[in-house]
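Have a look at the structure below before the remarks.
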Amino acid sequence: MNAANAIAPRKAASSSEQVRLRRIQDFALTLVLVLLVVAGGVLRGERFLTYENLKATVTQASAVGILAIGMTFIIATGGIDLSVGSVLAFAAIAGGKLAGSGDLAFIGAALLAGTVAGAVNGIAVAYGKVVPFIVTLAMLTIARGTALWMSDKTPIPVGELETLRWFGAGQVLGVPVPAWTLLLVAAIGWVLLNQTRYGRYVVAIGSNREAARIGGVRVQRVLLGVYAMTGLCAGISATLLTGRLASASPIAGNFYELDAIAAVVIGGTSLAGGKATVVGTVLGVLTFAVIFNLLTLLDMRIEIQQIVKGIIIFAAVLVQRKGA
Amino acid sequence: MLAHRRILLTAFASFAIMGCDKAPAKGSPQGERVAATAASATNGANAATEEKGAPGKPVKVAFSAPGADHGWLAAIVKNAREEAKRLGDVTLEVSEGATDPASQASQIDALVAGKPDVLVVLPTDGQALTPAAQAAMRARIPVVAVDRELSSPSAYRTWIGGDNYGIGFSAGNYIAEQLDCKGNVVEIQGIAGISVTELRTKGFNEAIKRCNNGIQVVARQAANFLPDKGLEVMEAILQAQKKIDAVYTHDDDMAMGVVAAIQNAKRDKEMFVTGAGGSKRAMDLVKNGGLYRATFLYNPSMAASAIRLARLIGQGKGLRDLTEPEVPSRIQVPATAVTKENVNSFLSFGYE
């Protein structure tokens, strides 16, 4: 109660301005997406503008997308998580180790391993008071090292686990399961961020941690929750990716953290904290997925893809600055 | 075109050592005996005792390898360790974990300071590590280079490696033959911009030239040797291409992602996939038949061979079936096609 009161004035002063800003950002990104789709339609319409291709694109966006939704919360608190890609691999291998005991054992182990790794990040950040960049950088190497060590550097085949395969490659009502999962995680993220007190606390911590603390927000607990949740997201992504790949790979998720951060930032969440949008993040992830899909359809080489991706990040961020 | 084949001698020599590698039972002195017999051809004095399985002069070998984060590199280190254990007269010190040429150079300096009899190096970058290897050679420690080449002959005593051009060339020939020189092929490369990738692509292009454009490479994308990247890239290519007859991939591990993408899209009847390396899993798939039709050897057993070569060099011996009293300076392992027909003779040789 106290907390809500303390934060209320600040929120009231800036809320209309913030809403306007966010609209500009979402608009800019939607514009980029529309331009990409038009370009794709003109250049390679017969293959690009099909339902099959749309499904493939969203499926591809799912693993990074789910990571990015967790990342949105962390960045909203003014933190960062460099470890999500490695935690994904760690979770996949933790699950893979139990793959012999069935689908549920895999999924349970992957989700638990991800959450535990995230919680360790959270404890170090919240209670150890270490800078998130350093904590999660350490976790990046620890989680990757553990994944390689546990797997003896070899992928673990999980093709026989039918439920797991279904999570990665199945469909419900003609929509791929990873797309449903992304949608579900995004919806939960949106409700949590925009409709609950917890979401307000997250943003409050990012805009002014001391004020939030004085206002009665249990800053440490909220932070721990945010990192653990992102770890859980990595576990979900690991489940989807392993199902899709039919094997748990210790080298999976390489550089996913950078893709997730890029998607969050071009979506309009501020790296300085205090401002977050789940819808923007989803748009950001979709933008990258469409770029990748389109450039691969056009058989553009990887170096060109990298340049184009960088230019889009630049452009999107510059447009946002203007909007602000 | 034949330049990569080197001289007949080296191919011959590689068979001589590969032959020893294929079947040795773990812990049995058989491998030892074969290598000893190799020496006996030229080294009459030792031969009598060696044949009875008595160990030769003890050799201290140091091995500098890059940090293994990939199935093939992991198998390299594992094979070297196991081989040293098998050979009773070799003590092996392994330094792994270097991720860049600079850290590997200091690692090599540290190994050289320990005064091993022979230094085995798998360079992260052959150009950058040439000075470190030259320093070892100047300190009278012979260097056996594995896989990637050092850029000056003064930097190594012997090089043993696979045939990247040969992988592309063999794969191109195989695919051309399977498709009767007609069809759409997708190429999934390793890391863009490194010589391994360029050679594997070049060999492939030159092999399919004989089809006079009957075989079209309709998509060519890099997937960095990563299974999840292979999956993503192949998923997008499957959207782009209506009709694919074959997929040539540069690596068995990465190809597992490609296979998953094709199976997820239920197009596994339409095309087949080839790999490279010679992993156990790839060989199992080849044996079962279906989507995964062949793999081309670039086997990490070359690390085990390198340890054997180091031992022979340390003991001043030559190779069985060669008249030269010393180990050759270059040995290239052939990029043999492993298909359903011959997979049984290679199964035990596949790396995990």
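- Around CD of A:Gln171, the count of heavy atoms belonging to other residues, nucleotides or ligands within 6.0 Å exceeds 12.
- Using a 4.5 Å cut-off between heavy atoms, B:Leu238 contacts chain A through its backbone alone, with no side-chain atom that close.
- What you find for A:Asn254 and B:Asp228 is that their closest heavy atoms are N-OD2, 4.3 Å.
- Both the backbone and the side chain of A:Ile251 have a heavy atom closer than 4.5 Å to some heavy atom of chain B.
- Put simply, the side chain of A:Asp299 never gets that close to the backbone of B:Gln221: no donor and acceptor are under 3.5 Å apart.
- Counting heavy-atom pairs closer than 4.5 Å to chain A, the top-ranked of the candidates B:Ala75, B:Ala219, B:Gly193, B:Gly257 is B:Ala219.
- Options B:Arg281, B:Met256, B:Gln263 differ in how many heavy-atom pairs under 4.5 Å they form with chain A, and the most are formed by B:Arg281.
- Between chain B and the residues A:Arg244, A:Glu46, A:Glu303, the largest count of heavy-atom pairs under 4.5 Å involves A:Arg244.
- Using a 4.5 Å cut-off between heavy atoms, B:Lys229 contacts chain A through its side chain alone, with no backbone atom that close.
- For the pair A:Gln60 and B:Leu231, the minimum side-chain heavy-atom distance is 4.5 Å or more.
- Side-chain atoms of A:Glu52 and B:Gln239, non-hydrogen and from C-beta on, do get closer than 4.5 Å to each other.
- Within the 4.5 angstrom heavy-atom criterion, only backbone atoms of B:Val218 (N, CA, C, O) approach chain A.
- With a threshold of 4.5 angstrom between heavy atoms, B:Phe225 approaches chain A through N, CA, C or O but not through any side-chain atom.
- Interface remark: A:Pro157 contributes backbone and side-chain atoms alike to the contact with chain B (heavy atom separation under 4.5 Å).
- A 6.0 Å sphere centred on NZ of B:Lys266 holds no more than 12 heavy atoms belonging to other residues, nucleotides or ligands.
- Interface remark: A:Tyr256 contributes side-chain atoms only to the contact with chain B (heavy atom separation under 4.5 Å).
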Could you walk me through whether B:Arg220 and A:Arg301 pass side chain to side chain contact (heavy atoms under 4.5 Å, CB included), step by step?
CA-CA 7 Å; B:Arg220 175 170 273 153; A:Arg301 293 194 311 235; over 6 Å; no
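- No donor-acceptor distance shorter than 3.5 angstrom exists from the side chain of B:Gln241 to the backbone of A:Leu297, with no hydrogens or angles considered.
- Interface summary for chain B: among A:Leu245, A:Thr154, A:Thr296, A:Ile302, the most heavy-atom pairs under 4.5 angstrom belong to A:Leu245.
- For A:Leu104, the CG atom is loosely surrounded, since the number of other residues' heavy atoms within 6.0 Å does not exceed 12.
- More than 12 heavy atoms of other residues, nucleotides or ligands sit less than 6.0 Å from atom NZ of B:Lys78.
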